[in-house]
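Only one structure is covered here, and it is reproduced in the block below.
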2 protein chains.
Amino acid sequence: MDTSIKKKRVRGRLSREMIEDAAFEVIEKEGLAGFSMRKLAAALGCEAMSIYHHFPSVAHLHEALVDRLIGALEMPDAGLPWRQRMRIAIEDFRRIGRDHPAYATFFVTYRMNSPICLAWLNGILSLFRDGGFDTELSARLFRAVGYYLMGAVLDENAGYAKGPSAVNTVSDEQLARDFPNVMAAGRFFGTAEFDKTFELGLDMLLDEMERLRDGADAGQLSGKA
Amino acid sequence: MDTSIKKKRVRGRLSREMIEDAAFEVIEKEGLAGFSMRKLAAALGCEAMSIYHHFPSVAHLHEALVDRLIGALEMPDAGLPWRQRMRIAIEDFRRIGRDHPAYATFFVTYRMNSPICLAWLNGILSLFRDGGFDTELSARLFRAVGYYLMGAVLDENAGYAKGPSAVNTVSDEQLARDFPNVMAAGRFFGTAEFDKTFELGLDMLLDEMERLRDGADAGQLSGKA
DNA sequence: AAAATGAACCTTACAGTGTAAGTTGTCAAG
DNA sequence: CTTGACAACTTACACTGTAAGGTTCATTTT
């Protein structure tokens, strides 16, 4: 007979929301690669298979996490100036990465096909349309700005500033000797510089979009390569 | 005694280069997630552990793969106009994603600290300096342009156009009814539109950089948010 | 109150992963 | 022919997601 003390287990405790909350915690604590159903279960005080009652697979769970993050976003006030609306929407997305750094790499790579994500996407496309662009230019500008945003989120959370991942590390002396430009630039690659750098690129894109809208398309854009 | 026929095995066959070649093949065939040391070994006709004689870990192997791709890049001819040099360097990087679509997500996420990658990075930073920017602006513009490039490579190889990854798929009817902007924009999200969209965003950034260099910094860049 | 139902959870098991440790096969130098 | 070194293999371990089936318990029905 088993005389070991068994933690009294209150059934019916688990819920999708609880599991999602715990998942975010485990991911941020253990890293995205360190996340597993068993660790998640441990954090919840249950067995791994119990989670499958609420989510049929890890893929379903991950989709729910993305949906939660995207679903929490709301479109900027339509009464604000366009440039400001665009800026707010972009910063909102960027903030997700800031709040969930370990999850960012997954998040950015994720293909958003769920209804919740499509609804957000639809709203963002509306925002581009409100800028005065036709369907084609709205679509292309959305993607171009999205590229910038995705790359930024990725780098800010998993990039150069997060320390070496390479196996062959390079000493500071070698860096200074062989790669002086990297050495000099490194000062502006740190976390403290993220905002300023991001703003610079974002303003460049916003400026160009306003220029495009104001009919400056006879300018360099169609110029030589 | 074992009388089973054993494939005669020629020892001493393996080399780092062979393993890297096979790794690229396996990754593109099986996908990045489907890659494993055992599958790589099978492709090579050897056992998984034999690979460890040439690469101490998968991380080392991955680093070698990234090094090979980056190491193959060369800086654009310094005699060309600056804008064209920049464009070539950017397109060279982008082509890596095109040639190794399945590897792109890893590639873009990878933190480049190896000597080979640092050398490339150092050269690119030189290119920005050649554009007439000081250390700080070179560093920030490199990052901003890099964000755009990273995001593009990511999306072009693992993004929306590559089909649904979501578990809750949405029917075409629902898409047309509930997300008309997505439906309309979808036409410009396909693979065939990648080049044109990428060029649009790239030209926007190049235009802004030339404007910055030509001392137009009294313009909107420092304007209201 | 007793029985039945079904959701919620657990146990076990399997095929897969990276890789540490130890063993065998092969070839070249002495 | 022996020895040594190295390349490749074998085995084993701790981990992963999850399929299959068993157990427990709250609720509902009789």
Side-chain angles (χ1 to χ4, degrees), chain A residues 1-2 4-23 26-27 29-65 102-103 105-106 110 165-167, chain B residues 1-23 26-27 29-66 102-103 105-106 110 165-167:
Chain A
M1 57 211 61
D2 185 8
S4 69
I5 297 171
K6 257 193 178 169
K7 204 193 322 182
K8 185 146 187 201
R9 203 159 278 303
V10 186
R11 296 207 166 220
R13 252 168 1 103
L14 256 43
S15 71
R16 286 177 65 100
E17 201 187 358
M18 283 173 55
I19 294 171
E20 290 166 16
D21 289 342
V26 172
I27 287 170
K29 196 183 299 174
E30 307 283 333
L32 189 56
F35 173 82
S36 79
M37 293 300 256
R38 284 178 172 86
K39 282 181 190 163
L40 175 56
L44 284 163
C46 71
E47 296 299 315
M49 291 310 291
S50 304
I51 299 164
Y52 282 80
H53 191 82
H54 302 268
F55 296 96
S57 74
V58 264
H60 284 78
L61 174 55
H62 271 128
E63 172 154 308
L65 297 184
Y103 199 53
T105 55
F106 180 88
Y110 190 76
S165 82
V167 183
Chain B
M1 56 209 62
D2 185 8
T3 58
S4 70
I5 297 172
K6 258 192 178 169
K7 203 193 321 182
K8 184 145 188 202
R9 202 160 279 300
V10 186
R11 295 205 168 220
R13 260 171 350 109
L14 258 42
S15 72
R16 284 177 66 100
E17 201 187 358
M18 283 173 55
I19 294 171
E20 290 166 16
D21 289 342
V26 172
I27 287 170
K29 196 184 297 174
E30 306 283 333
L32 189 55
F35 173 82
S36 78
M37 293 300 256
R38 285 176 172 86
K39 281 182 191 163
L40 175 56
L44 285 163
C46 71
E47 294 300 314
M49 290 312 291
S50 304
I51 299 164
Y52 282 81
H53 191 81
H54 302 268
F55 295 96
S57 74
V58 265
H60 284 78
L61 174 54
H62 271 128
E63 173 154 307
L65 296 185
V66 172
Y103 199 54
T105 55
F106 179 88
Y110 189 76
S165 82
V167 183

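In the text below, chain A, chain B and the rest are named by the order of the sequence lines, each starting its count at 1.
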Quick check: do D21(B) and M18(B) have side-chain heavy atoms less than 4.5 Å from each other?
no
Separation of dA19(D) atom C1' from H60(A) atom NE2, nearest Å, is 15 Å
Is the phosphate of dT16(D) approached by S36(A) (side-chain N or O, under 4.0 Å from OP1 or OP2)? yes
When M49(B) and S15(A) are each assigned the nearest nucleotide of DNA chain C, the 5'-most assignment goes to S15(A)
### Task
Report yes if a donor N or O on one partner sits less than 3.5 Å from an acceptor N or O on the other, where the partners are the side chain of R38(B) and the base of dG16(C); otherwise report no.
no
Flag the pair E63(A) / Y110(A) as yes when at least one side-chain heavy-atom distance between them is below 4.5 Å, and no otherwise. yes
- Query: Reckon H53(A) has a side-chain N or O less than 4.0 Å from the OP1 or OP2 of dA8(C)?
  - Reply: yes
Assign each of A48(A) and A48(B) the nucleotide of DNA chain D bearing its closest heavy atom; nearer the 5' end lies the nucleotide of A48(B)
From NE2 of H62(B) across to C1' of dT19(C) the rounded distance in Å is 15 Å
Rounded to whole Å, CD of E30(A) lies from P of dC15(D) at a distance of 12 Å
Rounded to whole Å, CD of E47(B) lies from P of dA20(C) at a distance of 17 Å
Of the listed dT17(C), dT18(D), dC10(C), the closest approach to the C46(A) side chain comes from dC10(C)
- How far apart are the C-alpha atoms of S50(A) and H53(A), what are their side-chain angles, what is the distance that settles it, and do they pass the side chain to side chain donor-acceptor pair (under 3.5 Å) test? CA-CA 6 Å; S50(A) 304; H53(A) 191 82; over 6 Å; no
note: I51(A), atom CD1; dA8(C), atom P; distance rounded to Å ~ 15 Å
Which of dT11(C), dT19(C), dC9(C) is nearest the side chain of Y52(B)? It is dT19(C)
Tightest non-hydrogen contact, residues K39(B) and G34(B), listed as NZ-O, 2.8 Å
Main-chain N/O of H54(B) paired with R16(B) side-chain donor or acceptor, under 3.5 Å: yes
**Request:** Compare side-chain N and O positions of H54(B) against OP1 and OP2 of dA8(D) and report whether any pair is under 4.0 Å apart.
**Result:** yes
Here the distance between atom C1' of dT17(C) and atom CG of L40(B), to the nearest Å, is 14 Å
